[in-house]
Amino acid sequence: MKDFARLFTRIDQSTKTSVKVAALAEYFATAPDEDRLWTIALFSGRRPRRAVTTTRLREWAAEAAGYPLWLFEEAYPVVGDLAETIALFLPPGRSDSDRGLTHWINMLRGLSHVDEPARKAAVLAAWDELDTTSRFLFNKLITGGFRVGVSQKLMTRALAQATGRDEAELAHRLMGAWSPDDTTFHALIEADDPTTDASRPYPFCLAHGLDDAAQTLGAPEDWHAEWKWDGIRGQLILRDGDHFVWSRGEELMTDRFPELARAPDHLPPGTVIDGEILAWDGAAPLPFAALQKRIGRKTVPKSLLREAPVILQAYDLLEDGGRDIRALPFDERRARLDRLIAPLPQDAPLRLSPSLTFTTWQTLTDARATARDARAEGLMLKRRAGPYLAGRKKGEWWKWKLDPLTIDAVMIYAQAGHGRRANLYTDFTFAVWQGNDLVPFTKAYSGLTDAEFRKITTWVKKNTLQRFGPVRQVRPELVFEIAFEGIQQSPRHKSGVALRFPRMARWRHDKDLSQANTLDDLKEMLRLYG
Amino acid sequence: MTRDPVLTFTPHGIHCPAGDFHIDPWRPVPRALITHGHSDHARPGHGAYLATDLAAPVLRHRLGDIALETVAYGERRRIGGATVSFHPAGHVPGSAQIRVEVGGEVWVVSGDYKLEDDGLSTPFEPVRAHAFVTESTFGLPVFRWQKQAAIAAQINGWWRDCVASGSTPLLGAYALGKAQRLLSLLDPGIGPILTHGAVEATTQILRDQGLRLPATVPVTAAVKIADHPGALVLATPSAFGTPWARKFGPVSTGFASGWMQLRGVRRRRAADRGFVISDHADWDGLNTAIHETGAEKIFVTHGYTDIFTRWLRSRGLDAQVVPTEFAGETLDESAA
Ligand SMILES: [Zn+2]
Ligand SMILES: [Zn+2]
């Protein structure tokens, strides 16, 4: 574990991308194949199956340290990360091992087959044998959430440097459903003909947010525009008579959307389409809430299929007739996509994302203002001559979102944050007026500066009405502008509405309590935009 | 008849009714006893000040022309019905715990303290007491410090790496105490040490008091980094990212603080390196210090007060949180 811990420390210590990539490349050039394979797996979001629950981990850590469990539970929010809390909470280990990453992963995988006392003994022995950093990483292998500030993209770049292979080709090899259990470093990275995996998706092309005026993009005729849909980005793969649906997060979602199983009836094998999965009422997208019901379900009951049927709103073609056509200009790919989709019958589970025609940027700016009517969250701009690039590359694709909706609300509850912010009140509940009552409708915990959170913390301490565990009910007095991306009906909330991505846009020092918005204002927004 | 407690906790700070004085008050009072020169303990505006002779020069530098009387460690003073004395707290040079005795009952106010001998501050001395007012900045078991020699090796290793890779190490630390402690740990064999004005001013005051510290070069407008190859720059964290810091070319930034123990803090500070070194007691240090006072009554201030109080109670001690509306301290990462 020491080599891996050293790699982690070097990555974690630096804020510079070049240093992180160099550390990884050096590791890839020297580590044993099995450790390299697992490192690639971990840095691309794969991990061994969880063998121990976090509840047990907490209990064991408190016990091993000789402290009551409540003390551990108090330390956890201060540290902010369970794996790290355990690593620091335990006294320093007594022995010093130098077993490799793969050893510990195999040990953890073995735990699924033994009873709990044996699991506990194994985990405690591991803790006692690892230094603090290795212990932290070992815990991360159990708890998951292995985030070290290195994206899959940077990892791929380092792998390219270490192996002398093409970065884009490696990115493609690393996509899809492989696991360290069913492949080897050689097969995954080096073999001439990477196991022809019919399900393997292409890396998604991601858009940058457009902050400047659209005029700065140059001539309007160089750009294609369409709505930016508020659904799930998906890649539909048709190969060898089979079909696969991938999410942008590289999750295989094929079974969640049985509607798309009819795609092979309509389209030839050797077709890969990029698009947006939307809940669809036959003419327009249903609110995101309808789709949300589908997301969590691995198998979909019939009633839900009727209530929230999905389609793929297609907007790009990546493979045509079995050929990778990502290098072709967007216009050409889109023309081919049109030829494939346009002839399909009404009831096909695929539709074309309509192109928006415009000749001046002003026309487009006006169109953007109507995005909510089209149930879209803004516009997408794609350079007509551009290839389909892997990842977030500047200059080809832009998302031009609508300005968020806003409402002025009163803070009524406050709760302390995590980690460094454990001493600051950062999580708030907000309310709007209904007659003379304040009705809570959302929580928000981001959008303000540390200095503002400090001021609010001092205020909260002096204006607490009641305490409920970590939550303080505060004197209704402070007004904040809450910004959000969408609003939907929600029977689970007292207010009857739920917001998407709520955050504090600013502290309205200029407004007093009575000037906050009302529940009727929220309901009007629901009617207009829900 | 019940008599007043030796110390009471008021909106002005800790007050002794028998002697009518305050300890480290945060609002102006006629008579203040000051544990040490950090700004959250030594505030301007009091009528008269009493502190150790070792703390005096820094207090005068920071607070200007104040009515300041000084005492040596261990020297007893009678103030009204109270007898007071100052005892080494090991926090920074001149820092003290304040012992207050009234009618045979002894209370001790720790101020800030640490148990490890840093080689500069007079080492912490346990003082027997009936009641002990303790800080709790790092009152959680996740805060355990390594010996300072181990941290010194990390810092000097980083310095050498920077020299080898052609960048300038920019080390951030609080101007009083931490900066001088780091100076004493740095290996001048690696290269020259450049200092920010705020660090240099305090360093010079402590040098004049007889503290042995390596030579430093104050960074003035005339100083060019090219003239000092292999240099390390010691500055207050507030100087990071300012035009002042730009003259050093490519830098590698490091912070030295107990908070660097937490990965979340290290990442938020966006420093290249975090060195876990504190002038406050760690978890084990707090528990040891409290045990050694023999006090059965413990007042907890300055930090994780609620949690630490609950912990002490679970150990059978009569512990309580010092009520305070003073919220800033534990957030000031650089000071710890
Ligand atoms: Zn202090
Ligand atoms: Zn302090």
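Letters A, B, ... mirror the listed sequences (proteins, then strands); counts begin at 1.
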Between W507(A) and F453(A), does the ring centroid distance fall short of 6.0 Å? no
Checking heavy atoms, do the side chain of I307(B), its backbone, both or neither come under 4.5 Å from chain A? both
Check this for me: does any side-chain nitrogen of one of [X] and [Y] sit under 4.0 Å from a carboxylate oxygen of the other?
X	Y	result
R144(B)	D284(B)	yes
D128(A)	R94(A)	yes
E452(A)	K455(A)	no
K16(A)	D272(B)	yes

Output the option from S314(B), S252(B), G274(B), P141(B) having the highest count of non-hydrogen pairs under 4.5 Å with chain A. P141(B)
Examine whether an atom of [X] lies under 4.5 Å from a heavy atom of chain B, and if so say whether it belongs to the side chain, the backbone or both; otherwise answer neither.
X	result
E84(A)	side chain
L90(A)	backbone
D81(A)	neither
Y67(A)	side chain

Student check: side-chain heavy atoms of Q320(B) and F299(B) closer than 4.5 Å: yes
Non-hydrogen contacts under 4.5 angstrom with chain B: give the residues of residues 133-140 of chain A involved, or none if there are none. F136(A)
Distance-only criterion, 3.5 Å: show the donor-acceptor pairs between side-chain atoms of residues 232-244 of chain B and protein atoms not counting sequence neighbours.
| residue | atom | partner | partner atom | Å |
| --- | --- | --- | --- | --- |
| T236(B) | OG1 | S238(B) | OG | 3.1 |
| T242(B) | OG1 | A239(B) | O | 2.6 |
| T242(B) | OG1 | W244(B) | N | 3.4 |

Please list all pairs passing the salt bridge (charged side-chain N to carboxylate O under 4.0 Å, His left out) test where one or both residues lie in residues 160-175 of chain B, with sequence neighbours left out. R160(B)-D187(B)
What pairs of donor and acceptor atoms, side-chain ones from residues 146-154 of chain B against any protein atom, are under 3.5 angstrom apart with sequence neighbours left out?
| residue | atom | partner | partner atom | Å |
| --- | --- | --- | --- | --- |
| Q148(B) | OE1 | R181(B) | NE | 2.8 |
| Q148(B) | OE1 | R181(B) | NH2 | 3.0 |
| Q148(B) | NE2 | D118(B) | O | 3.2 |

